[in-house]
Number of protein chains: 2
Amino acid sequence: MAYRRTDTVAARLADTRRHILNAARELVAEGGFAAAQMTEVARKAGVATGTLYRYFPSKEELCRQVFREVSAREMNVLAGIAQGPGTAAKRLESVLRTFASRAVRGRRLAFALLAEPVDVGLAEERARFRRTHGEIFAGLLEEGIAAGDFPARDVKVTAACIAGAIPTALIGPLAPESHELDEKGDKVVDEIMTFCLAGVGLLQPRIKVKAPDARTGEPRIRA
Amino acid sequence: MAYRRTDTVAARLADTRRHILNAARELVAEGGFAAAQMTEVARKAGVATGTLYRYFPSKEELCRQVFREVSAREMNVLAGIAQGPGTAAKRLESVLRTFASRAVRGRRLAFALLAEPVDVGLAEERARFRRTHGEIFAGLLEEGIAAGDFPARDVKVTAACIAGAIPTALIGPLAPESHELDEKGDKVVDEIMTFCLAGVGLLQPRIKVKAPDARTGEPRIRA
DNA sequence: TATATATATGAACTATAATTCATTTTTTGC
DNA sequence: GCAAAAAATGAATTATAGTTCATATATATA
């Protein structure tokens, strides 16, 4: 007998693994999964490319692990709110606002998680991520319907609508420019909330606007 | 002088070009842009791979052309309805229902246009496609607000919500299974319409449900 | 310190799919 | 039919990025 893995070594191995995952996550946060090339990850983690393969069997597995870690954080935040106190309606509102606000703040990462073109392995992880969103939304909708807070609906379809509306309005070609979101991100989130809450039947319909002002052409809105 | 391009040849060239585009489009309709590999396109079009490059400078350009042709058809259908007769609210409803119904029927192509992972060149085309949707929706919303049909909103954000909600609820991991859509696609479209029209403030809020029935646990819905 | 084993290295290899180009075939006008 | 130009061919090349592996280095016991 001449070698055995000591605790010191085990700790260093775990440390290297963490360094690799951190390097990969930072690259993803900067430039999406497309930027997480193995040579770049190795460089950033301060190891050789071959070393990566002593810790992860393939690039796909490494990226999946990064995806899981990042998305788990988000899902836990939302699930925590959903399970918390308050009426279903209040919790739904809180979940949606949190989802949207966090996506605005971490736009690049949100883009990677939700919208960036990725290959099949990551698409699977993304599908799980989005399904979890759907389940959280659908659960609250069901509760709310049972409690009589919302009108009865197909909660799966409605949840999918919400899960599509929020990211699309914040990320990608239909979203405001990034610098606009820096300034008026909160207003955009408010608008999205209005749409989604009205969509599930939660909001009172606003008072109708009158016909456009004859002089200015601007619609006059009454409180 | 010994050669000049006759009309016969020009016609044959145009014909080959069309064959290539058709072959590519069919492959996309069957398996998405991922299935449109140059060797496959050539095989299906009945030409050599090198021939493709006599008609298109690169795979990217060929795929872009396919994307443009397919998406133009869809955009024209929606734009036609938007410019047609009727109140803004009626036209909006018709545009949304048409968008959703066509996506259900041509799911695979809709997936390729809206959701399939694609590289940057096609992502640009897709961005244009989605922006056009956004503009059509936003234009109708503006009209409707001016006419007093809907409450005032940020029409761009609202349009983006709609443009995200519809495909997400019909395509991808949050959508019903394909075989389900075959049976009850119309119901799903109805649900999506309800969500979106309520979202823009068009629907009267439904009458509230009562508390769940004590015996069955089922919420009772009153007309 | 010697030996065995584990771990790390990074240049070389590989797989995939787009692209090229020397060659062949087709077309046209004389 | 022949020469000139265009068009088509498809095997070979190229580009990219992931993966391997022979070699070197580090670690643990006797």
Side-chain angles (χ1 to χ4, degrees), chain A residues 1-21 23-24 27-28 31-67 116-123, chain B residues 1-21 23-24 27-28 31-67 116-123:
Chain A
M1 171 177 39
Y3 183 86
R4 135 193 99 83
R5 186 180 289 183
T6 59
D7 288 352
T8 322
V9 172
R12 181 168 54 73
L13 291 179
D15 200 54
T16 300
R17 191 185 151 86
R18 184 90 327 267
H19 269 79
I20 292 170
L21 282 167
L27 285 170
V28 171
F33 283 98
Q37 296 178 4
M38 294 304 256
T39 49
E40 280 302 292
V41 174
R43 200 189 48 69
K44 188 146 193 162
V47 299
T49 58
T51 305
L52 299 179
Y53 289 85
R54 295 189 57 77
Y55 290 84
F56 300 92
S58 66
K59 178 190 173 166
E60 178 175 320
E61 269 313 309
L62 169 56
C63 285
R64 277 182 174 233
Q65 187 59 34
V66 169
F67 195 107
E116 182 190 0
V118 294
D119 52 15
V120 286
L122 284 184
Chain B
M1 172 177 37
Y3 183 87
R4 131 194 103 79
R5 186 180 287 183
T6 59
D7 288 352
T8 324
V9 171
R12 181 169 54 73
L13 291 179
D15 201 52
T16 300
R17 192 185 151 87
R18 184 92 320 271
H19 269 78
I20 292 170
L21 282 166
L27 285 170
V28 171
F33 283 98
Q37 295 178 5
M38 293 305 257
T39 49
E40 279 303 293
V41 174
R43 199 189 48 68
K44 189 147 192 161
V47 299
T49 58
T51 304
L52 299 179
Y53 290 86
R54 295 188 56 77
Y55 290 84
F56 300 92
S58 67
K59 178 189 173 166
E60 180 176 319
E61 269 312 311
L62 168 57
C63 285
R64 278 182 174 233
Q65 186 61 32
V66 169
F67 195 108
E116 182 190 358
V118 293
D119 52 16
V120 286
L122 284 184

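Each chain gets a letter, A, B and so on, in the order its sequence line appears, and its residues count up from 1.
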Note to self: At less than 4.0 Å, is any side-chain N or O atom of B:T6 found next to OP1 or OP2 of C:dT28? Yes or no.
What the structure shows: yes
Next item on the list: Searching all strands shown, indicate the nucleotide that pairs with C:dT28 (Watson-Crick or G-U wobble; both distances under 3.5 Å).
Entry: D:dA3
Next item on the list: Using whole Å, report how far CG of A:D15 lies from C1' of C:dT7.
Entry: 15 Å
Note to self: Need one value for B:F56: base, sugar-phosphate or nothing, where a base atom within 4.0 Å counts as base even if backbone is also close, heavy atoms only.
What the structure shows: nothing
Check: OP1, OP2 of C:dT9 versus side-chain N and O of A:T51: anything below 4.0 Å?
Finding: yes
Notebook entry, point to check: Is it the case that more than 12 heavy atoms not belonging to A:D15 sit under 6.0 Å from its CG atom?
Noted result: yes
Note to self: Please tell me if A:R12 has a side-chain N or O lying less than 4.0 Å from either OP1 or OP2 of C:dA8.
What the structure shows: yes
Check: Just how far, in rounded Å, is P of C:dA18 from NZ of B:K59?
Finding: 4 Å
Next item on the list: Check the distance between D:dA6's C1' and B:L13's CG and give it to me in whole angstrom.
Entry: 9 Å
Checklist line | Where B:L21 and B:Q65 come nearest, the two heavy atoms and their spacing | finding: CD2-CG, 3.6 Å
Check: Shortest non-hydrogen contact from A:A34 to A:Q37?
Finding: O-CG, 3.8 Å
Item checked: Residue closer to the 5' end of DNA chain D, A:V9 versus A:M38 (nearest nucleotide) -> A:M38
Item checked: Selection from C:dA8, C:dT9, D:dT9 that lies nearest to any side-chain heavy atom of A:V47 -> C:dT9
Next item on the list: Tell me what A:T39 touches on the nucleic acid: a base, only sugar-phosphate, or nothing, going by heavy atoms under 4.0 Å.
Entry: nothing
Check: To the nearest angstrom, how far is B:R54 atom CZ from D:dA5 atom C1'?
Finding: 11 Å
Checklist line | Atom pair distance, as rounded to whole Å: OH in B:Y55 and C1' in C:dA18 | finding: 20 Å
Check: Atom CG of A:D119 and atom P of D:dA17: how far apart are they, to the nearest Å?
Finding: 13 Å
Margin query: Per the salt bridge (Lys or Arg N to Asp or Glu O under 4.0 Å) rule, what does the pair list look like for residues 36-56 of chain B, sequence neighbours excluded?
Written below: B:E26-B:K44, B:E30-B:K44, B:E40-B:R43
Notebook entry, point to check: Any side-chain heavy atom of A:M38 within less than 4.5 Å of one from A:L52?
Noted result: yes
Item checked: Sugar-phosphate, base or nothing in reach of A:L52, heavy atoms under 4.0 Å -> nothing
Margin query: How many whole angstroms separate atom CZ of B:R17 from atom P of D:dA7?
Written below: 14 Å
Margin query: What is the separation between atom OH on B:Y53 and atom P on C:dC21, rounded to the nearest whole Å?
Written below: 13 Å
Check: 5'-most contact on DNA chain C: A:T49 or B:A36, nearest heavy atom basis?
Finding: A:T49
